[in-house]
Amino acid sequence: MQIPPQLMPEQDARERIHNVDEVPQGYTEELAKTEAIRCLQCKKAPCVAACPVEIDIPGFIKAIVDGDYRSSINILKETNILPAVCGRVCPQEEQCQRTCVVGKSRKSVEEAVQIGKLERFAADWEMEQGEAEVPEVKAATGKKVAIVGSGPAGLTVAADVRREGHDVTIFEALHKPGGVLIYGIPEFRLPKSIVMREVENLQKMGVEVKYNMVIGKIFSIEELLEEEGYDAVFVGTGAGLPLFMRIPGENLNGVYSANEYLTRANLMQAYSFPETDTPIARAKNVAVFGGGNVAMDSARTALRLGSENVYLVYRRSRTEMPARVEEVEHAEEEGVKFHLLQNPVRLLGDDNGWVKGVECIKMELGEPDDSGRRRPIPIKDSEFVIDVDICIVAIGNASNPLVPDTTPAIETNRWGNIIADEETLKTSMKGVFAGGDIVLGAATVILAMGHGRKAAMAINEYLESGAW
Amino acid sequence: MNKILEKEFITPEVFRMRVEAPEIARKRKAGQFIILRTCDEGERIPLTIADGNADGGWIELVVQIVGKTTKALSELEPDQGICDLVGPLGRPTHIELFGHVIIVGGGIGIAPSHPIAQAMKAAGNRVTSILGGRTKDLVIMEDKMAAASDAVVITTDDGSYGMKGLVTDAIQKMVDDGVKIDLVVAIGPPIMMKFVSLLTMKYEIPTLVSLNTIMVDGTGMCGACRVTVGDETKFVCVDGPEFDGHKVDFDEMMKRQRMYEAEEKESMDRYLK
Ligand SMILES: Cc1cc2nc3c(=O)[nH]c(=O)nc-3n(C[C@H](O)[C@H](O)[C@H](O)COP(=O)(O)OP(=O)(O)OC[C@H]3O[C@@H](n4cnc5c(N)ncnc54)[C@H](O)[C@@H]3O)c2cc1C
Ligand code: SF4
Ligand code: FES
């Protein structure tokens, strides 16, 4: 008999829109073991090659089958310092699980071994045991490394460089660590305590985190290297520059970038206003523009802030949505109303400068474009208006320009991304490495971590040999 | 944590606070600002740096009590700390030898105009400062501004001190008197900056204004601080805070500043209870 993929228990959709608690609640031991048995323990496991950090997937799953959860988490942590995060937010269906032999044999990705859920199980098991084991740190080398930005890229570099005995200081612009993991991805998808715990573990290893330090303002990269005594710098400043649609009315009150909306809700805890001080607009009708994870997170946050009608306006069709399937499903279950093949052309305001409506035009799909997705084309004279009180623009982020703008020696491409060598993540400036979204453009947590690992190896090598 | 070194009320609603911030004190330039949070549940608010001393390792803020955060800040005492303080943010004022520079400071805006006056003077400019307030008590820092300027003109709405009228009346008078003006830098309430800009536009006098919009991160990440300048949307925290006054859409900016009026009141009422 074939065992079907084990589903993870979830909070009921009607309940969960009234709280910010996590939606999927994790496997029980029994569910995890049943799922783990489904893995065929392939010799040449295609899933490993499809993982950006090449986790020994059959290895950690085997340990779950054996009930040896400690080994399981240790195997995960050999290549991935944030398994509790990745188990929750990685697009496994496009990576490891897409190649899984079990799924292939049943001709459905959905039938693949639920690698992500098992990863989360092992990581959560470790958290339940109390304090994590602090990795060993080699004898001090006297070398100093500065890491700019505490997102997943920066945190990964910190761990791997610190292990070699180098001094590591993370400079973070905000008052909390984690980058998008803290300010962007909502609590109901990634509890903040998980990220804080990982950062505390790094601190136990001796990594220093300095908050409220905007590099490019308080110190330039040159100053870090020449005056502050750092031997190498890693730039992991992310893709934190919100794009707007450049349509009339975008500066009306009630119009947010997704970054602002989510930052207020998550980092600044505006969902607890007035117990906390940061306000956020709450209203009945909300339109979100975009079709990615960021758009889903915004829409689902709006529901939790009490909005009755949340419209997700996306210019292509559902199949082209870049968001994870799971997130799209969650959003739909919770009552987000999808307006597909529609595009906003203008935002309408009232006399006080508040948005009151969005004029959209209907679209149809034409020939595929550069991205391989079919190009949306406006249908003439199909404009119509949706009444809204809040708009959230979630059409993407460009690279944060603060560091490149103040460091001409670091070359960027025409989108403002830092150019770095694919293998070593070296930039055009000696001693400076870069990785994550600042190099890739808005990408994923695991790709940022993959960059972090490679950069850390190259940094360790550079510090030892001195050769650039 | 940044330690508070001194606090002094200049008027019942305005206070000066000296805060320990050695790195910022070394790096800050005229026109830049900081963002602070008074406590863990606190919001992030931007405040322009009014003064600083690299050797002493401090910066000074001059703050008007307008809401809960500024009220809470005003209640902190020396030796207590400010939870988070980040800076220096924004682009510094472009300082060069322009000739005759008029610095217009309105109310609380006088404080941030002080370092600009100092820097303009140090660059060899002739500096005339126009300080405006509703009434005599609201014209702050006259001595300091006098020390940083070649001449000081005071205006009050009610005529209780200096010239009776608005700062624009003082500018108009200079123009009428044939005084050559090469640059105006105006910092104060948006409505004042708007009318200064309208006036100087008429006489084609280049004018810089310093905008104080709502902000969250201060690093260009959120867009809360956006304003329309000419045909473009700019982020005040990274592209500003200073812009060409003749191009700023002040009406839009003033509406945006009022976006959370109701919540701000709710927060303040709750705090005072
Ligand atoms: C709402 C949202 C949802 C997402 N959902 C998913 C998901 O489900 N799965 C997934 O894989 N990916 C997701 N992503 C993408 C993912 O979060 C990013 O790809 C990843 O966080 C990039 O990591 P990073 O380390 O490069 O940068 P970031 O996480 O962006 O971190 C950069 C850090 O650098 C700091 N910084 C910036 N400039 C400076 C400076 N000058 N000085 C000091 N510090 C600075 C920033 O404050 C920030 O903390 C999502 C992104 C968003 C916005
Ligand atoms: S491909 Fe699937 S079945 Fe094979 S090792 Fe990986 S997870 Fe197990
Ligand atoms: S305050 Fe967020 S971009 Fe300016």
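Proteins get letters first, then strands, A, B, ... in listed order; numbering begins at 1 in each.
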Contacts of Lys194(B) that satisfy side chain to side chain contact (heavy atoms under 4.5 Å, CB included) - sequence neighbours left out: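 Lys194(B): side chain to side chain contact (heavy atoms under 4.5 Å, CB included) contacts with Leu198(B), Phe250(B), Asp251(B), Met254(B).
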So for [X], is it side chain, backbone, both, or neither that comes closer than 4.5 Å to the heavy atoms of chain A?
{"X": "Arg270(B)", "result": "side chain"}
{"X": "Arg44(B)", "result": "both"}
{"X": "Glu266(B)", "result": "side chain"}
{"X": "Lys255(B)", "result": "both"}
{"X": "Leu85(B)", "result": "backbone"}
{"X": "Ile214(B)", "result": "side chain"}

Quick check for you: among [options], which has the greatest number of heavy-atom pairs under 4.5 Å with chain A?
{"options": "Glu263(B), Glu23(B), Met259(B)", "result": "Met259(B)"}
{"options": "Ala72(B), Gly223(B), Pro88(B), Ser267(B)", "result": "Pro88(B)"}
{"options": "Glu252(B), Glu41(B), Met221(B), Glu43(B)", "result": "Met221(B)"}
{"options": "Arg256(B), Lys27(B), Arg28(B), Arg226(B)", "result": "Arg226(B)"}
{"options": "Lys68(B), Glu264(B), Arg26(B), Met253(B)", "result": "Lys68(B)"}

Other residues, nucleotides, ligands: >12 heavy atoms within 6.0 Å of Glu6(B) CD: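 Count over threshold, so yes.
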Lys29(B), NZ: over 12 other non-hydrogen atoms inside 6.0 angstrom: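 No.
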Check against side chain to side chain contact (heavy atoms under 4.5 Å, CB included), Phe235(B) and Leu241(A): CA-CA 10 Å; Phe235(B) 288 3; Leu241(A) 177 71; 4.1 Å; yes
Charged tip of Lys210(A) within 45° of Phe171(A) ring normal and under 6.0 Å: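 Relative to the ring axis of Phe171(A), which defines the angle, Lys210(A) lies outside at least one limit.
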Which atoms of Tyr261(A) approach chain B - backbone, side chain, both or neither, heavy atom under 4.5 Å: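 Neither part.
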Atom group of Leu252(A) that falls short of 4.5 Å from chain B, counting heavy atoms: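 Interface part for Leu252(A): backbone (N, CA, C, O).
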Between the side chains of [X] and [Y], is a donor N or O closer than 3.5 angstrom to an acceptor N or O?
{"X": "Ser150(A)", "Y": "Glu172(A)", "answer": "yes"}
{"X": "Asn400(A)", "Y": "Thr237(A)", "answer": "no"}
{"X": "Thr93(B)", "Y": "Glu242(B)", "answer": "yes"}
{"X": "Asp217(B)", "Y": "Thr219(B)", "answer": "yes"}

